[in-house]
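Below you'll find the structure, written out as structure tokens, and then a few comments.
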Amino acid sequence: MSKRQAIKVFGLIGRNVDYSWSPLIHNTAFQALGLPSIYTIFNIAAPELVGNALTGARALGIAGFNVTIPYKKTVVPFLDELSPEAQAIGAVNTIVNDNGRLTGHNTDIAGFAAPLLPMAEQIHGKPVCIFGNGGAALAAVEAFRLHFHPSSVRLMVRNLEKAEAMLEGYAHRELVEPCLTAELDTPDGERLLGECCVIVNATPIGTAGRSDAIQSVVPARRKLLHEGQIVYDMVYNPLETPLLAEARAAGAETISGIEMLIGQAARSFSIWTGQEMPVDTVRKTVLDEIEISVNV
Ligand code: NAP
């Protein structure tokens, strides 16, 4: 009998996502464990094509997917089953193909929670704050609810109607208190952020290469951050965003988005392969890549 094994194919479904580091992360892990698998990118040009793509994936036996912007909700109606986490926020970032039966999971929730778990007691019963009203913000809301039991989640947004639209259908709406970011510029701004035990950036502000790369969601001139707070930026490139630099200078604890990036990937990897991702090897590879991209 031949020793050759068929190669399993995994991929990322998104639009214009050639920049993604998911292929680097998963291919590094497959190689480190000697698994005959590859991970590639599937850019889907329009939402109308997502259903056909998943029908094709069933026929071709593609083993699994990650799903990213803008299709985390689009894929849901085309799946056979959802995990409780994916069901809770109506968004999927991981799909498993089990002989044509597609199950959707959401590992952003556990991936977001992972680096905060050692601080769970500190967070319990206190308010926390999240900037943004996209899919990543809702994953963070659900992670706080499931793992940390804060007294409330203050959602800092530019537009209250968009925040309500995001929260529509969310079963734990009562936990979330939407506030306008403009309020940070009022005398109440200090209290709004100052009371929060954790402050999360779930917007792209501060990402390298963007026009707002040198900005922060927290207006620096107001000195709203302080010691004892945990400041968590979902942005992972650069490792130290303007928000994290300001938080560090104020004496707060900081968490880079790289931890969430690796945390969500590790959970997808174990759902697909039943094996633990070699996270130290993966982290080193990603950090080397970030250093190269910063120095180019
Ligand atoms: P999204 O659905 O596009 O949402 C982006 C959010 O950012 C929206 O609420 C948007 O507000 C807000 N925003 C954009 N520009 C803003 C500005 N100048 N001022 C204030 N708010 C602004 O994206 P997402 O999927 O939620 O992801 C958000 C960020 O998290 C992205 O940078 C993504 O790369 C990152 N992320 C990281 C990880 C990780 O593993 N580290 C995982 C998921 C996401 P409006 O609705 O008002 O435009």
Side-chain angles (χ1 to χ4, degrees), residues 21-22 25 85 93 106-132 134-150 152-156 193-208 210 212-218 220 223-268 277 279-280 282-291 293-294:
W21 287 343
S22 293
I25 291 174
E85 288 82 5
N93 81 327
N106 194 304
T107 68
D108 283 336
I109 296 170
F112 172 81
L116 285 172
L117 290 175
M119 288 85 113
E121 264 183 45
Q122 192 181 329
I123 303 168
H124 192 111
K126 311 241 179 57
V128 298
C129 165
I130 301 169
F131 283 83
L138 190 55
V141 170
E142 181 62 4
F144 277 121
R145 187 194 71 80
L146 271 178
H147 299 282
F148 303 100
H149 313 287
S152 68
V153 179
R154 209 160 271 168
L155 201 66
M156 303 300 303
L193 281 202
E195 288 176 348
C196 293
C197 172
V198 187
I199 292 163
V200 177
N201 176 32
T203 80
I205 296 173
T207 304
R210 284 175 51 102
D212 53 18
I214 55 162
Q215 288 175 21
S216 158
V217 285
V218 175
K223 304 224 175 307
L224 299 175
L225 304 175
H226 60 76
E227 202 181 331
Q229 288 179 313
I230 302 158
V231 179
Y232 188 155
D233 202 333
M234 286 199 194
V235 171
Y236 49 80
N237 186 11
L239 288 177
E240 186 167 85
T241 58
L243 171 66
L244 293 187
E246 193 187 324
R248 194 166 50 83
E253 255 183 86
T254 60
I255 300 176
S256 160
I258 186 115
E259 299 306 325
M260 177 176 180
L261 182 71
I262 293 173
Q264 57 80 28
R267 280 152 188 82
S268 300
M277 176 180 269
V279 283
D280 291 342
V282 167
R283 181 179 281 104
K284 183 177 179 326
T285 306
V286 175
L287 290 177
D288 287 349
E289 194 65 24
I290 289 176
E291 197 166 325
S293 73
V294 166

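Along the sequence shown, residues carry numbers from 1.
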Qualifying residues under side chain to side chain contact (heavy atoms under 4.5 Å, CB included), relative to Arg283, sequence neighbours excluded: Glu259, Ile262, Asp280, Leu287
Side chain to side chain, Val217 and Met156, heavy atoms closer than 4.5 Å: no
Spatial distance of atom CG (Leu225) from atom SG (Cys196) [nearest 0.5 Å]: 10.5 Å
Which residues share a salt bridge (charged side-chain N to carboxylate O under 4.0 Å, His left out) with Glu142, sequence neighbours left out: Arg145
Distance in Å, Asn93 CG paired with Ser22 OG, rounded so as to fall on 0.5 Å steps: 9.0 Å
Summary of ring-ring contact (aromatic ring centres under 6.0 Å, His included) pairs that have at least one residue in residues 240-268, sequence neighbours excluded: none
Euclidean distance, Tyr232 OH relative to Leu116 CG, rounded to 0.5 Å: 6.0 Å
Main-chain N/O of Thr107 paired with Glu85 side-chain donor or acceptor, under 3.5 Å: no
Let me check something: any side-chain donor-acceptor pairs from residues 198-208 under 3.5 Å, sequence neighbours excluded? List them with distances.
residue	atom	partner	partner atom	Å
Asn201	OD1	Thr203	N	2.9
Asn201	OD1	Thr203	OG1	2.8
Asn201	ND2	Thr203	O	3.2
Asn201	ND2	Ile205	O	3.2
Asn201	ND2	Asp233	OD1	2.9
Thr203	OG1	Ile205	N	3.1
Thr207	OG1	Pro204	O	2.6

Run the side-chain donor-acceptor check on residues 117-132: report pairs under 3.5 Å with partners two or more places apart or on a different chain.
residue	atom	partner	partner atom	Å
Lys126	NZ	Gln122	O	2.7

Pairing residues for Ala114 by the side chain to side chain contact (heavy atoms under 4.5 Å, CB included) criterion, not counting sequence neighbours: Arg267
Thr285: partners by side chain to side chain contact (heavy atoms under 4.5 Å, CB included), with sequence neighbours left out: Leu24, Thr28
Shortest non-hydrogen contact between Phe112 and Ala143, atoms and distance: CD2-CB, 3.5 Å
Inter-residue atom distance Leu261.CG - Ile290.CD1, 0.5 Å rounding: 7.5 Å
Under 3.5 Å, which donor-acceptor pairs do the side chains of residues 248-258 form with other protein atoms, sequence neighbours left out?
residue	atom	partner	partner atom	Å
Arg248	NE	Glu240	OE2	2.6
Arg248	NH2	Glu240	OE1	2.9
Arg248	NH2	Glu240	OE2	3.3
Ser256	OG	Ile258	N	3.1

